[in-house]
Amino acid sequence: MTQHTPTPEQAAILALAREPDSIIIHALAGAAKTTTLVMLAAKLPVVSTFCGAFNKSIATEMGKRLPSHIESSTMNAVGHRAWGKKTGKRLNVSTDKMYSILSEVTGHPKWRPEDKKTLGANFSSMLRATRLAKSYGYIPSEMKSVGTSVMTADDFYYSLGAQIDCDADLMFQEVVDQALIVSIAQAFEGKIDFDDQIYMSTLFGGEFTKYEILMVDEAQDLSTLNHLMLSAMFSRRIIAVGDPFQSIYAFRGANTSSMDLLTERFSMRRMDLSVSFRCPVKVVERARTRAPAMQYPTWAKEGIVERLAEWSANTIPDGAMVICRNNAPLLRCAMYLIRNKRGIKLVGFDIGKNLTSVMLKLGEKTMPTEEGLEALKTWETTSIAKASESRHAAISDRAECMRVFISSTATLEEAVAFAQMIFNASGPIQLMTGHKSKGLEAPIVFHLDPWRVPGKKAIQIAESSGDTSQLEQEKNLRYVIETRAMDSLYLINMDDAV
């Protein structure tokens with residue numbers, strides 16, 4: 001294991017290794033939180049200790065760096081084991097479990113032909129809704145006798161908002177609820193999916209192993225169900241590390257007050273890691289508008305933070321990251337770079353199939369540009385008219401993405417082909433949304449259309465209702481985007497490309 005000379009902040013944390021206190025470490029972007037956690041682990045008493053990670057690769061890597069007596073595992077793996085103990089069965093994990101269940105529910109003879117047509121069109125949205133239900137901790141009322149829901153039906157279906165491509169009307173809710181009921185029943189018989197590992201174990205009485213010490217990384221991203229799991233595993237002490245300013249996943253179930261709730265629930269002592277070893281001086285100074293305590297080491301390079309009045313395809317070097325809040329500007333940028341013979345890769349664009357599917361339904365493949373744009377406008381107007389207000393922004397964003405392709409090609413067929421080519425491209429310049437950039441870094445980062453952060457909806461909600469929770473998430477998003485830069489940060493607008 002590589003030896004590091006601890007900073008004063010790290011030394012203060014390491015001094016608590018043998019103390020009984022639970023610790024919450026506020027670690028700002030690039031502040032060596034994982035290294036600190038590893039150094040601390042080496043000094044902890046040799047007792048039953050668990051280190052939780054959000055994915056298998058991180059858990060495996062941590063396992064290589066931690067003392068051998070510390071179990072490094074994903075929260076899903078812990079939930080799997082706890083549910084296996086509860087049921088006494090050998091669990092069978094099926095990746096297409098909810099797809100199969102939904103297919104049966106929507107194919108039931110009770111549905112009229114016109115209902116089945118609607119259900120078929122909304123199938124992917126219902127599938128996503130079942131996953132979100134499990135992430136948020138929603139249980140249909142029919143199953144509350146065997147489990148504890150942390151969300152009401154009204155709150156859950158309202159929260160779907162921009163997360164799905166249709167309105168959650170009564171038929172939609174009936175299908176999703178029925179699919180969840182079947183899924184829960186199957187889980188008691190041993191058939192589960194990955195979401196069930198946490199959903200079933202935390203809400204339906206999983207039998208968890210308790211540990212003398214719990215270690216948790218990325219504490220700001222814990223969901224309500226993750227908190228329940230930790231409570232079930234807690235015996236004596238918990239050590240958690242995270243950055244509250246990198247809390248950006250509320251839309252998928254993360255608790256926006258996760259670190260504060262941990263601190264209160266486990267009476268944790270706060271420690272800080274404020275020195276960023278990733279970001280240069282200029283980036284740190286800019287990040288202080290969000291994280292005022294952020295520091296840089298004495299040897300930090302000056303770096304660059306610059307707003308470019310104009311830029312070209314050659315301005316962006318290989319190995320750079322282009323990050324934007326929204327999808328459509330990234331697609332415009334991708335097309336611009338490709339047409340100027342630059343290699344690109346879209347990272348985490350899971351909306352690709354949906355966009356091409358909608359475009360194919362707009363009309364004949366030979367439809368020319370102007371007709372295609374009119375058909376798209378009709379689709380957008382009609383979709384918004386049918387949708388709840390919470391989904392309007394998402395529909396407009398998808399329309400803007402499709403408009404990028406249609407307006408840049410001669411026919412609808414060419415637009416679809418161009419879109420498929422871009423979504424499958426693999427080159428040295430990475431383009432991604434701010435949410436997909438978390439955990440990554442690059443020497444040079446371009447923040448594309450920085451004026452899009454914060455989003456209009458978050459501002460409107462804050463001004464009209466006083467609820468600033470979404471606005472705070474947006475401010476965190478800007479901080480995440482710009483602290484990916486290890487050397488240079490450039491602010492560019494898509495409209496300024498020459």
Side-chain angles (χ1 to χ4, degrees), residues 94-204 223-225 251-253 350-351 353-354 357-358 361 379 382-395 398:
S94 171
T95 57
D96 63 353
K97 174 185 174 180
M98 293 313 301
Y99 183 94
S100 298
I101 291 174
L102 268 176
S103 295
E104 292 180 7
V105 173
T106 56
H108 194 279
K110 75 174 184 177
W111 300 116
R112 299 173 300 174
E114 57 268 33
D115 291 335
K116 288 190 175 182
K117 184 177 180 181
T118 300
L119 294 173
N122 296 334
F123 191 90
S124 62
S125 291
M126 291 185 292
L127 187 60
R128 177 161 175 73
T130 60
R131 292 205 63 188
L132 289 171
K134 293 181 181 183
S135 296
Y136 293 167
Y138 166 67
I139 298 175
S141 58
E142 292 89 338
M143 301 301 288
K144 287 183 179 178
S145 61
V146 292
T148 304
S149 182
V150 299
M151 207 172 201
T152 66
D154 287 344
D155 286 344
F156 169 64
Y157 285 108
Y158 178 80
S159 72
L160 288 181
Q163 305 303 309
I164 59 174
D165 295 324
C166 65
D167 269 349
D169 58 18
L170 291 178
M171 185 167 66
F172 183 102
Q173 294 180 33
E174 181 181 347
V175 169
V176 171
D177 276 11
Q178 184 58 40
L180 288 171
I181 290 168
V182 174
S183 175
I184 292 166
Q186 288 186 3
F188 273 98
E189 294 302 315
K191 184 175 182 179
I192 64 172
D193 58 18
F194 291 114
D195 296 316
D196 286 331
Q197 291 172 331
I198 291 178
Y199 179 69
M200 296 302 301
S201 63
T202 55
L203 301 182
F204 295 88
S223 68
T224 298
L225 301 193
F251 68 93
R252 71 182 191 193
D350 48 11
I351 67 167
K353 289 183 178 179
N354 176 268
S357 175
V358 173
K361 296 175 182 178
W379 173 87
T382 303
S383 298
I384 287 177
K386 293 179 179 179
S388 60
E389 186 177 354
S390 62
R391 292 194 52 251
H392 291 180
I395 293 169
R398 283 176 169 77

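Nearest heavy-atom pair, D177 versus P140, reported as atom, atom and distance to 0.1 Å: O-CG, 3.7 Å. Nearest heavy atom pair, residue A168 against residue L160, reads CB-CD1, 4.1 Å. Annotation for G253 and S223: closest pair O-CB, 3.3 Å, computed over non-hydrogen atoms. Shortest non-hydrogen contact noted between A179 and T130 is CB-CG2, 4.2 Å. Between A133 and L180, the closest heavy-atom pair is CB-CD1, 3.6 Å. A pairwise comparison of heavy atoms in S383 and I395 identifies O-CD1, 3.6 Å as the closest pair.
Looking at heavy atoms from C-beta onward, V358 lies out of side-chain contact with R398 at the 4.5 angstrom threshold. Side-chain atoms of D155 and Y136, non-hydrogen and from C-beta on, never get closer than 4.5 Å to each other.
When atom types are taken as modelled, the side chain of D169 and the backbone of F172 share a donor-acceptor pair closer than 3.5 angstrom. Judged by distance alone, the side chain of S201 and the main-chain N or O of Q197 form a donor-acceptor pair under 3.5 Å. With hydrogens and angles disregarded, a donor-acceptor distance shorter than 3.5 Å links the side chain of S149 to the backbone of G137.
In this structure, K144 places its NZ atom where more than 12 heavy-atom neighbours from other residues, nucleotides or ligands lie under 6.0 Å away. The 12-atom threshold is not exceeded at OH of Y99, counting heavy atoms of other residues, nucleotides or ligands nearer than 6.0 Å. In K353, the NZ atom is not crowded: 12 or fewer heavy atoms of neighbouring residues, nucleotides or ligands sit closer than 6.0 Å. Residue-environment remark: CZ (F194) stays at or below the threshold of 12 foreign heavy atoms within 6.0 Å.
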| side chain to side chain contact (heavy atoms under 4.5 Å, CB included) assessment of D193 paired with M98 | CA-CA 8 Å; D193 58 18; M98 293 313 301; 3.3 Å; yes
| query | Are D196 and F204 close enough, and set up right, to give a side chain to side chain contact (heavy atoms under 4.5 Å, CB included), and what steps lead you there? | reply | CA-CA 10 Å; D196 286 331; F204 295 88; over 6 Å; no
| field | Working for side chain to side chain contact (heavy atoms under 4.5 Å, CB included), residues M200 and I184 | value | CA-CA 8 Å; M200 296 302 301; I184 292 166; 3.9 Å; yes
| said: Under the criterion side chain to side chain contact (heavy atoms under 4.5 Å, CB included), I'd like the reasoning laid out for W379 against K361: C-alpha separation, chi angles, the key distance, then a yes or no. | reply: CA-CA 10 Å; W379 173 87; K361 296 175 182 178; over 6 Å; no
| request: Could you walk me through whether E189 and K191 pass the salt bridge (charged side-chain N to carboxylate O under 4.0 Å, His left out) test, one step at a time? | output: CA-CA 6 Å; E189 294 302 315; K191 184 175 182 179; over 6 Å; no
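Here the straight-line distance linking atom OG1 of T118 with atom CZ of R112 works out to 9.0 Å at 0.5 Å rounding. In this structure, the separation between CD1 on I101 and CG on D96 is 9.5 Å, given to the nearest 0.5 Å. Atom OG of S135 and atom CG of L225 lie 7.5 Å apart (nearest 0.5 Å). The distance from atom CG of L102 to atom CD of Q178, rounded to the nearest 0.5 Å, is 10.5 Å. In this structure, OG on S125 lies 11.5 Å from CG on L119, to the nearest 0.5 angstrom. Rounded to the nearest 0.5 angstrom, T224 OG1 and L203 CG are separated by 10.0 Å.
Ring pair F156/Y138 is parallel by interplanar angle, where below 30° counts as parallel and above 60° as perpendicular.
Residues meeting the salt bridge (Lys or Arg N to Asp or Glu O under 4.0 Å) test with E104, sequence neighbours left out: none. With sequence neighbours excluded, the residues that form a side-chain contact (heavy atoms from CB on, under 4.5 Å) with F251 are Q163, Y249, H435.
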